[in-house]
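Okay, so here's the structure we're looking at.
For reference, positions follow the sequence shown, starting with 1. None of these values were measured; they are calculated from a predicted model.
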Amino acid sequence: MENEFVRISSKRIGDAGAAVQISDTSVVLSMDNSRSLDMDSTSAEVKAQCEEIASRSRAEVESMYQIKYEKLHRQAGKHGDDLLGTKTDL
């Protein structure tokens, strides 16, 4: 599931044409040696951790897109000003 998420995220980020730095993520697991393992609880904890990782990744991508948008917006304004200057010169 995580590999699939990373593959899809990498494809989306690659499609955006932006450089991305992927940081290491660690997951801490503990082992219960008793005979009555609660697999529902364990799977719920793992799911919650995966959702948290996905949420952080989503936030990072949204931040990256916002920065890219602002940069393009500034460039468009500069090009518009340059065009007005050229028009005035003509």
* Quick one: pull up CG in L72 and NE2 in H79 and give me the separation to the nearest 0.5 Å. => 9.0 Å
* Point-to-point distance, once rounded to the nearest 0.5 Å, from NZ of K71 to CD of Q66 -> 14.5 Å
* Sequence neighbours excluded, which residues qualify as side-chain contact (heavy atoms from CB on, under 4.5 Å) partners of S41? -> D38, E45
* **Partner residues of Q75 under the side chain to side chain donor-acceptor pair (under 3.5 Å) criterion, sequence neighbours left out** => none
* In chain order, what residues pass the side chain to side chain donor-acceptor pair (under 3.5 Å) check against E62, with sequence neighbours excluded? -> none
Which donor-acceptor pairs under 3.5 Å do the side chains of residues 81-90 make with protein atoms, sequence neighbours left out?
unit_1	atom_1	unit_2	atom_2	d
D82	OD2	K78	NZ	3.2
T86	OG1	D82	O	2.9
T88	OG1	L84	O	2.9

* Are any side-chain N or O atoms of S57 and backbone N or O atoms of I53, one a donor and one an acceptor, separated by less than 3.5 Å? -> yes
* Partners meeting salt bridge (Lys or Arg N to Asp or Glu O under 4.0 Å) with E52 (sequence neighbours left out) -> R56
